[in-house]
There are 2 protein chains.
Amino acid sequence: MNYSDFRNMIQTLKADIFRQTVEQNRDIILVTKEQTIIRNLEKIFDATLEISNEKGFHAMSMRDLAKGSGLSSGGLYAYFPGKKDLLRMLQEHGRKVVQEILFKFVDQNTDDVSKLRTAIKTHLYLSELMQPWFYFSYMETKNLSGPERENAIESEMATEKLFADIVQRGQDAGLFETRDPQLTAAIIKSILQDWYLKRWKFSRRNISVDQYAEFIIQFVEVFLGVHETEISRLKN
Amino acid sequence: MNYSDFRNMIQTLKADIFRQTVEQNRDIILVTKEQTIIRNLEKIFDATLEISNEKGFHAMSMRDLAKGSGLSSGGLYAYFPGKKDLLRMLQEHGRKVVQEILFKFVDQNTDDVSKLRTAIKTHLYLSELMQPWFYFSYMETKNLSGPERENAIESEMATEKLFADIVQRGQDAGLFETRDPQLTAAIIKSILQDWYLKRWKFSRRNISVDQYAEFIIQFVEVFLGVHETEISRLKN
DNA sequence: GTCTATACACAGATAGAC
DNA sequence: GTCTATCTGTGTATAGAC
């Protein structure tokens with residue numbers, strides 16, 4: 001699987017999850033027709049990401065958002081009761097997309113070497129496809145309050161646990177050297193984050209997402225001592 | 001060198017650099033006595049970091065800052081002409097501390113294996129000692145405008161180049177395996193960032209800064225293929 | 001379902017007393 | 001050198017027309 005394959009595979013999945021998000025917020029959205037909601041909410045989400053990533057969510061005014069989304073300042077309030085709710089909706093929606101796709105893809109593999117590779121690639125490809133959301137989510141999580149903040153943290157820990165579990169099981173199966181699974185997972189995650197947080201660095205150097213994927217996988221597999229024979233067995 | 005050694009070594013250096021910062025902003029500070037400036041500017045910086053890291057610099061009002069620093073809302077303007085200038089001063093000051101200490105410590109080593117270790121430890125120890133500033137700097141860099149933003153980026157690249165150069169020279173000297181120096185540097189940097197960006201994760205797990213340092217060094221040295229003999233030769 | 005006009009709270013910044 | 005009081009702009013959110 002490369003990035004181009006990945007893109008094609010998840011188009012319908014993404015649309016499904018968007019409909020779920022609309023459904024889940026039906027009670028606070030004043031517009032009734034689903035088609036209208038989807039059309040406008042997508043514009044609102046996109047504009048929010050673009051403006052917020054430029055100057056921060058808090059610094060984005062409702063007037064900015066009105067201009068960016070094409071709706072009027074007052075009209076926006078038909079789609080969410082307040083700015084805070086928009087933040088929450090956007091965060092929850094993105095998290096659901098990531099979790100659902102990441103775990104689904106990883107589960108399609110049986111051995112732990114493949115699982116590890118798939119987890120790395122899928123996370124990387126997701127963050128490439130949804131780079132604005134990933135960046136936004138990282139930067140604005142601290143502005144969430146109370147239970148929403150805890151959800152964000154819980155989601156982060158779940159992703160890290162996904163990696164830690166693969167490392168642990170691979171060690172138990174004798175495929176990997178003995179390394180601290182949790183710290184290894186933390187390191188993998190931080191390397192993956194670099195891709196969406198410091199994207200300008202990689203574009204400037206003309207590094208493609210597939211090249212970066214290969215590099216990370218090499219890095220991790222050297223550290224975990226995955227044997228060359230195992231690596232060549234799995235080529236393709 | 002461990003964290004406790006490091007702390008003791010840099011106390012006077014830090015004070016020196018603070019005086020430099022005051023000197024450099026003399027023309028925009030309305031207070032004349034250096035002692036007064038230092039005393040209050042330190043309070044202002046500390047309060048800014050604390051409040052901003054809680055809810056973001058933009059969301060911090062001057063009234064918040066007045067309360068946090070112990071000065072009055074109007075009195076603050078004797079120390080900077082406007083909120084934007086406070087942001088710039090604080091960013092520049094921290095960057096100077098980091099650059100000065102990091103390069104000074106690394107230059108005290110001769111061989112590349114020691115240089116690499118020192119660079120990793122020094123960066124990590126700095127980010128432990130100045131965690132609020134590091135976090136703040138990372139989160140608020142995008143709110144800088146024009147030339148100040150470029151300075152921030154330049155500083156980030158300089159740090160990355162420090163690591164890349166060590167890796168490159170170590171390879172030329174036959175100490176390290178052949179790996180892409182720039183990507184290796186980027187990865188090291190992202191792992192170091194994790195320490196100050198996701199600190200709650202490590203405190204929750206009771207991982208000390210010295211333990212984390214050891215783990216990173218192991219990780220990097222395995223990847224670069226630093227030989228066991230070299231490693232044991234350098235113990236202590 | 002979407003607009004324009006506006007209410008009203010709170011931001012950054014300044015003036016002038018002490 | 002620091003304070004209190006206040007000016008003025010901009011923010012979120014709502015009311016009511018279409």
Side-chain angles (χ1 to χ4, degrees), chain A residues 22-23 25-48 51-52 54-90 140 143-145 148, chain B residues 22-23 25-48 51-52 54-90 140 143-145 148:
Chain A
V22 171
E23 222 45 55
N25 290 285
R26 258 291 159 77
D27 47 331
I28 59 169
I29 297 175
L30 304 178
V31 181
T32 53
K33 208 166 143 224
E34 193 190 39
Q35 273 307 314
T36 312
I37 301 177
I38 289 179
R39 181 167 38 86
N40 283 327
L41 203 56
E42 213 153 15
K43 280 190 216 160
I44 292 169
F45 279 1
D46 287 347
T48 303
I51 302 163
S52 295
E54 178 61 31
K55 57 174 164 178
F57 181 76
H58 192 274
M60 175 190 76
S61 70
M62 294 301 282
R63 288 176 182 91
D64 290 336
L65 182 56
K67 194 172 289 183
S69 66
L71 286 160
S72 69
S73 178
L76 289 170
Y77 287 87
Y79 293 88
F80 48 83
K83 210 181 159 193
K84 296 261 167 204
D85 301 273
L86 170 60
L87 175 58
R88 179 189 51 74
M89 278 167 65
L90 186 45
E140 307 297 343
N143 298 330
L144 293 171
S145 50
E148 292 143 25
Chain B
V22 171
E23 222 46 54
N25 291 283
R26 258 291 159 79
D27 48 331
I28 58 170
I29 297 175
L30 303 178
V31 181
T32 54
K33 210 168 142 223
E34 193 190 37
Q35 272 307 315
T36 313
I37 301 176
I38 290 179
R39 180 166 39 84
N40 283 327
L41 204 55
E42 214 152 16
K43 280 190 218 161
I44 292 169
F45 279 0
D46 287 348
T48 303
I51 302 163
S52 295
E54 177 61 32
K55 57 172 163 180
F57 181 76
H58 193 275
M60 175 190 77
S61 71
M62 294 301 283
R63 287 169 179 87
D64 290 335
L65 181 56
K67 195 173 289 184
S69 67
L71 286 161
S72 69
S73 177
L76 288 170
Y77 286 86
Y79 294 88
F80 48 84
K83 210 181 161 193
K84 296 261 169 207
D85 301 273
L86 170 61
L87 175 57
R88 180 189 52 74
M89 280 168 63
L90 187 45
E140 307 297 344
N143 298 330
L144 293 171
S145 50
E148 291 143 25

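To find a chain, count down the sequence lines: A is the first, B the second, and so on, and within it residues start at 1. Reckoned from all heavy atoms, side chains included, excluding hydrogens, waters and symmetry mates. Predicted model only: the values in this text are computed from it and were never measured.
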[X] versus [Y]: any side-chain heavy-atom pair under 4.5 Å?
X     : Y      : answer
A/L87 : A/E148 : no
B/F80 : B/R88  : no
A/I51 : A/K67  : no

Name the one of A/N40, A/N25, A/D85, A/T36 that satisfies side-chain hydrogen bond (donor to acceptor under 3.5 Å, both in side chains) with A/Y79? A/N40
Distance, nearest 0.5 Å, that separates OG of A/S69 from CE of A/M62: 8.5 Å
Atom pair NZ/CG of A/K43 and A/L76 - distance to nearest 0.5 Å: 11.0 Å
What are the atom names and distances for every N/O pair under 3.5 Å that joins the protein to nucleotides 1-5 of chain C?
from, atom 1, to, atom 2, distance (Å)
C/dG1, OP1, A/T32, N, 2.6
C/dG1, OP1, A/T32, OG1, 2.9
C/dG1, OP1, A/K33, N, 3.0
C/dG1, OP2, A/T32, OG1, 3.2
C/dT2, OP1, A/N40, ND2, 3.3
C/dT2, OP2, A/Y79, OH, 2.6
C/dC3, OP2, A/S72, N, 2.7
C/dC3, OP2, A/S72, OG, 2.8
C/dC3, O5', A/S72, OG, 3.4

Closest heavy-atom contact between A/G82 and A/Y77? CA-CE2, 4.3 Å
Residues in residues 60-68 of chain B with a heavy atom under 4.0 Å of DNA chain D, by number, are B/R63
Round to the nearest Å and state the distance from A/Y77 atom OH to C/dT6 atom P. 18 Å
Under 6.0 Å from the CD atom of B/Q35, do we count more than 12 heavy atoms belonging to anything else shown? no
